[in-house]
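What follows is one structure encoded as structure tokens, with my remarks underneath.
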Amino acid sequence: MKKHHKDERTLVIVKPDGVQRSLIGEVISRYERVGLKLVGLKLVVPTEDRVEQHYTLDPQWRRVTGEKTIKSYKDKGLTPPSEDPLEVTAKILKGLKKYMTSGPVVVMVWEGAHAVKIVRKITGGTEPLTSDVGTIRGDFVLDSYQMADADGRSVRNVIHASGSPEEADAEIAHWFDKNELLKYRLIQDGVLYDVNMDGIFE
Ligand code: GDP
Ligand code: MG
């Protein structure tokens, strides 16, 4: 049977900078208030292996991320650190392992209609310098590719969020056992998803 839209899930990580800046509650409330449901949650210090596996679950990630970074340099009229996407990504991955293991992170699974796209929209674009105002990355960070690359570190952007439903499925399985994810109904689900909004009047 085809899954209903409301059953879509996505993985979110509040990265070490987000935890250090006391943004856990702010982040959770932004996904909560849009109507998404929290179905998994843990506080962990990841190992470097887990971080590398997380970012390379998608065999295309190295190429795509390198190309995205090179393009963002060129769009700003700047020279990228290298013209080879894989070389660019190797550096990014090294930085990510250091960054993501530097302290506790909060790993969460959010469920609801269009969970992946809605979470990406609320989270904002990868580079805080250009992420939209009103998004988490746009509102709470001021980092840039240029500044991070000059210092040889990862862009600190508070959040990881899955990029597609397929990426989400792989990432959720990477961080959670099946029995750590809960299936339950919230009272508000009826208002969000039921065909008839019954039961309001006594
Ligand atoms: P996301 O899906 O928006 O998080 O972005 P990506 O999957 O493309 O990249 C993963 C993470 O690597 C980002 O969230 C950043 O922390 C970091 N990152 C990505 N691109 C760059 C870059 O060009 N330079 C640096 N220093 N870090 C980057
Ligand atoms: Mg990504």
Side-chain angles (χ1 to χ4, degrees), residues 9-21 23 27 30-31 46 48 50-110 115-132 134-175:
R9 288 177 167 181
T10 191
L11 185 98
V12 171
I13 303 176
V14 183
K15 294 175 172 178
D17 54 329
V19 173
Q20 291 304 313
R21 295 191 50 209
L23 291 173
V27 166
R30 284 182 177 226
Y31 301 138
E48 287 200 1
R50 191 174 293 274
V51 172
E52 171 152 359
Q53 284 163 19
H54 164 88
Y55 281 106
T56 53
L57 285 167
D58 173 6
Q60 304 298 324
W61 182 82
R62 291 176 197 263
R63 182 181 53 77
V64 172
T65 302
E67 287 171 358
K68 178 167 119 174
T69 304
I70 291 169
K71 183 173 181 303
S72 96
Y73 270 86
K74 292 189 171 165
D75 287 349
K76 293 178 193 129
L78 301 168
T79 312
S82 159
E83 288 289 341
D84 175 5
L86 296 184
E87 216 173 281
V88 171
T89 314
K91 275 198 196 135
I92 293 176
L93 194 55
K94 192 159 169 256
L96 276 170
K97 286 197 271 188
K98 202 167 164 206
Y99 169 37
M100 293 294 286
T101 59
S102 63
V105 302
V106 176
V107 194
M108 305 184 272
V109 178
W110 288 90
V116 171
K117 273 198 179 160
I118 294 279
V119 162
R120 290 290 285 202
K121 182 182 73 167
I122 292 170
T123 303
T126 307
E127 188 190 25
L129 175 64
T130 54
S131 29
D132 289 334
T135 65
I136 296 168
R137 287 165 168 173
D139 285 356
F140 296 106
V141 231
L142 40 63
D143 208 0
S144 66
Y145 287 138
Q146 207 188 353
M147 185 162 72
D149 290 345
D151 291 345
R153 60 169 177 79
S154 236
V155 164
R156 293 184 188 139
N157 53 11
V158 173
I159 303 286
H160 164 79
S162 308
S164 67
E166 298 70 38
E167 195 176 289
D169 288 346
E171 289 178 356
I172 290 168
H174 179 62
W175 290 93

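When reading the values below, keep in mind they use all heavy atoms of this one structure, side chains included, and skip hydrogens, waters and symmetry mates. When a ligand or atom number is given, it counts from 1 through the structure's own listing order.
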In terms of heavy-atom contacts, does NZ of K76 have more than 12 from other residues, nucleotides or ligands at under 6.0 Å?
yes

Heavy-atom check, side chain of L78 versus side chain of Q146, under 4.5 Å
yes

Just verifying a value: how many Å separate R63 CZ and D84 CG, rounded to the nearest 0.5 Å?
12.0 Å

Between side-chain atoms of residues 88-102 and protein atoms elsewhere (two or more places apart, or another chain), which donor-acceptor pairs fall under 3.5 Å?
unit_1 : atom_1 : unit_2 : atom_2 : d
T89    : OG1    : R62    : O      : 2.5
T89    : OG1    : G66    : N      : 3.2
T89    : OG1    : P85    : O      : 2.8
K97    : NZ     : E52    : OE1    : 2.6
Y99    : OH     : D17    : OD1    : 2.7
Y99    : OH     : D17    : OD2    : 3.3
Y99    : OH     : N157   : N      : 3.3
T101   : OG1    : K97    : O      : 2.7
T101   : OG1    : K98    : O      : 3.4
S102   : OG     : Y99    : O      : 2.6

Derivation of the salt bridge (charged side-chain N to carboxylate O under 4.0 Å, His left out) call for D151 and R156
CA-CA 12 Å; D151 291 345; R156 293 184 188 139; over 6 Å; no

For E127 and T130: C-alpha separation, side-chain torsions, deciding distance, then whether side-chain contact (heavy atoms from CB on, under 4.5 Å) applies.
CA-CA 6 Å; E127 188 190 25; T130 54; 3.4 Å; yes

Run through ligand 1 for me and note each protein residue having a heavy atom under 4.0 Å from it, chain first, then residue number.
K15, Y55, W61, T65, K68, T69, I92, L96, R120, T126, R137, Y145, A148, D149, R153, S154, V155, N157

